[in-house]
Amino acid sequence: MSTTLIKGGTVITATETMDADVLIDGEKVVALAARGSQKWKGDKEIDAKDKYVLPGGIDVHTHMELPFGGTFASDNFETGTRAAAFGGTTTIIDFAVQAKGGSAMEGYEAWRAKADGNVAIDYGLHMITGDINEQTLKEMDALMGEGVTSFKLFMAYPGVFYSTDGEILRAMQKAAEIGATICMHAENGIAIDVYVEQALKRGETDPIHHALVRKSLLEGEAAHRAIVLAELTGARLYIVHMSAKEALEEVKAARDRGLPIFAETCPQYLYFGLEEMGNGFEGAKYVCSPPMRDRAAGHQEALWKGLATNDLQVVSTDHCPFCFDEHPELGIQKKLGLGDFSKIPNGMPGVEPRFEVTYQGAVNQRGFSVNRFVEIVATTPAKLFGLFPKKGTIAPGTDADIVIFDPKKKHTISVKNQHMRVDYSAYEGLEVTGKVETVLSRGRVIVDGSDYLGKPGDGVFLKRGVSGYGG
Ligand code: URP
Ligand code: ZN
Ligand code: ZN
């Protein structure tokens, strides 16, 4: 086992800010001490003077290689997790898929086969249970045994991943019984599909109409219904990729009633609005579900406020990239929807910029403490999804997943310097202050400035425990 000493930096966790040296032995943090107070030597030493030493980011919502709309998300586990590492994320939780008529266990095994041996960083899996039946409910037990302790259901996408209220109720009853978490895509897909059909009939085919038909009230309604079903069954509910203030109001009210209801938002909803979607077909770059919302209606500011007050607990990405122009291997992706917005594959790239753009918006622009930033991008995700304290903080005994972050360095987010396998950056030209400089994954430096020092297969599958929140 070799030792690594990170010296001279400021260690920031969700609860502490310490001028401290960090000693790593092999894969684990073994000790912290006041800066310079110990005569420690490391086989390898990293100078973190004037830098922050932060827990590696945890992105609990990614879709590498997701089949969607006749194509596949353009990042595979190798390219997507390497890009994540460059962006300061050292753990992802991706979504394995049970197809309609298929077995959940087979979906899990297929996702393990795609990821194992290819991932640059550690990863866990949630399960998209796209077909709730007796067999699936039994398989939920087996999946819990594999460390897949959360299951995603969809109130959107009828005919694809959609579950009826009855199916949701049954899955929630089972989740409550076994201690699993239900992740919910809360949009009323049945009503949305009526608006889609009507818009297309009127000749409204541009990407902006994707946002206009997916009304924020229908996100709020679905969130309400999901919360009622969770309350009836006693299930722990985590509402994913929240973009509407109406949905946030439902979560707030439920939490005020003491229910174990949690929610995440994503950087795209914190940065973008209808303006980005209205630029002709360029708007396809921002097509994802739920959609960007009208800034003037106050959705974005409500989400930031929710993060400030802990009504919202997590920033994840919903990373699901599709190329704008035809790709030599992947073929046509976003442009499948030229002339019909409903055929644009839903999803955006985000796993790489999440850490830095969230820091920019939260700490630099809105005065969040760095501790709160760490909490929403690493610590709470780890706690909610059964990875804490192995992941999500820096303390003796934790995995040495660490980001050395220069809080003063200015740089510009661009497709030219990103590592995600996609031909655009949604944040093109955004100047941010604060840069991920060095990334350690279980004690090994895998990113050093612009150099990648890791290899596919460095990461391992994480058998997760049950959530640390909500009984
Ligand atoms: O548009 C999105 N969100 N694509 C990924 C699939 C999902 O709903 O999370
Ligand atoms: Zn979703
Ligand atoms: Zn998603």
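Atoms within a ligand are numbered from 1 in the order they appear, just like the ligands themselves. Position 1 is the first residue of the sequence, and the numbers go up from there.
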*asked:* For Phe341 and His209, take the angle between the two ring planes, folded into 0 to 90°, and tell me which bin it lands in: parallel under 30, tilted 30 to 60, perpendicular over 60.
replied: tilted
*Please work out whether any backbone atom (N, CA, C, O) or any side-chain heavy atom from C-beta onward of Asp318 is under 4.0 Å from ligand 1, and answer side chain, backbone, both or neither.*
side chain
*Residue pair Ser425 / Gln418: nearest heavy atoms and the distance that separates them*: CB-OE1, 3.5 Å
*Using a 4.0 Å heavy-atom cut-off, say whether Cys288 meets ligand 1 through its side chain, its backbone, both or neither.*
both
*Non-hydrogen atoms of Tyr157 versus ligand 1: any pair closer than 4.0 Å?*
yes
_Under 2.8 Å from the Zn ion (ligand 2), can any N, O or S atom of Ala156 be found?_
no
*Find out whether the Lys NZ or Arg CZ of Lys215 is both under 6.0 angstrom from the six-membered ring centre of Tyr195 and within 45° of the ring's axis.*
yes
*Checking Lys334 against Phe322: charged group under 6.0 Å from the ring centre and within 45 degrees of the axis?*
no
*Quick one: do Val460 and Tyr123 satisfy side-chain contact (heavy atoms from CB on, under 4.5 Å)? Show the steps, please.*
CA-CA 6 Å; Val460 296; Tyr123 81 104; over 6 Å; no
*For His185, take its heavy atoms, then give the atoms of ligand 1 lying under 4.0 Å from any of them.*
8 (O)
*Check whether any heavy atom of Phe154 sits under 4.0 Å from an atom of ligand 1.*
yes
*Name the closest protein heavy atom to atom 6 (C) of ligand 1, giving the residue it belongs to and the distance to 0.1 Å.*
His63 NE2, 3.7 Å
_contact_flag Met348 ligand 1 heavy-atom lt 4.0 Å_ = no
*Six-ring centre of Phe95, Lys152 cation under 6.0 angstrom, axis tolerance 45°*: yes
*Closest heavy-atom contact between Arg236 and Phe262?*
CG-CE1, 3.8 Å
*Minimal non-hydrogen separation, Ile446 against Ser441, with atom names*: CD1-CB, 3.7 Å
*Do the side chains of Lys391 and Ile58 get nearer than 4.5 Å, heavy atoms only?*
yes
*Of all N, O or S atoms in His61, which has the smallest distance to the Zn ion (ligand 3)?*
NE2
*Testing Asp141, Leu169, Thr233 for side-chain contact (heavy atoms from CB on, under 4.5 Å) with Lys174, which one passes?*
Asp141
_Suppose we measure from atom 9 (O) of ligand 1 to each protein heavy atom; which comes out shortest, and what is that distance?_
Lys152 NZ, 2.9 Å
*asked:* Among the N, O or S atoms of Asp318, which one sits nearest to the Zn ion (ligand 3)?
replied: OD1
*Taking atom 1 (O) of ligand 1 as the reference point, the nearest protein heavy atom with its distance*: Ser289 N, 2.8 Å
*Report, in ascending order of atom number, the atoms of ligand 1 lying under 4.0 Å from any heavy atom of His61.*
9 (O)
*Which is the closest N/O/S atom of His185 when seen from the Zn ion (ligand 2)?*
ND1
*For atom 4 (N) of ligand 1, which protein heavy atom lies nearest, and how many Å away is it?*
Asn346 O, 3.0 Å
*Any N/O/S of His63 under 2.8 Å from the Zn ion (ligand 3)?*
yes
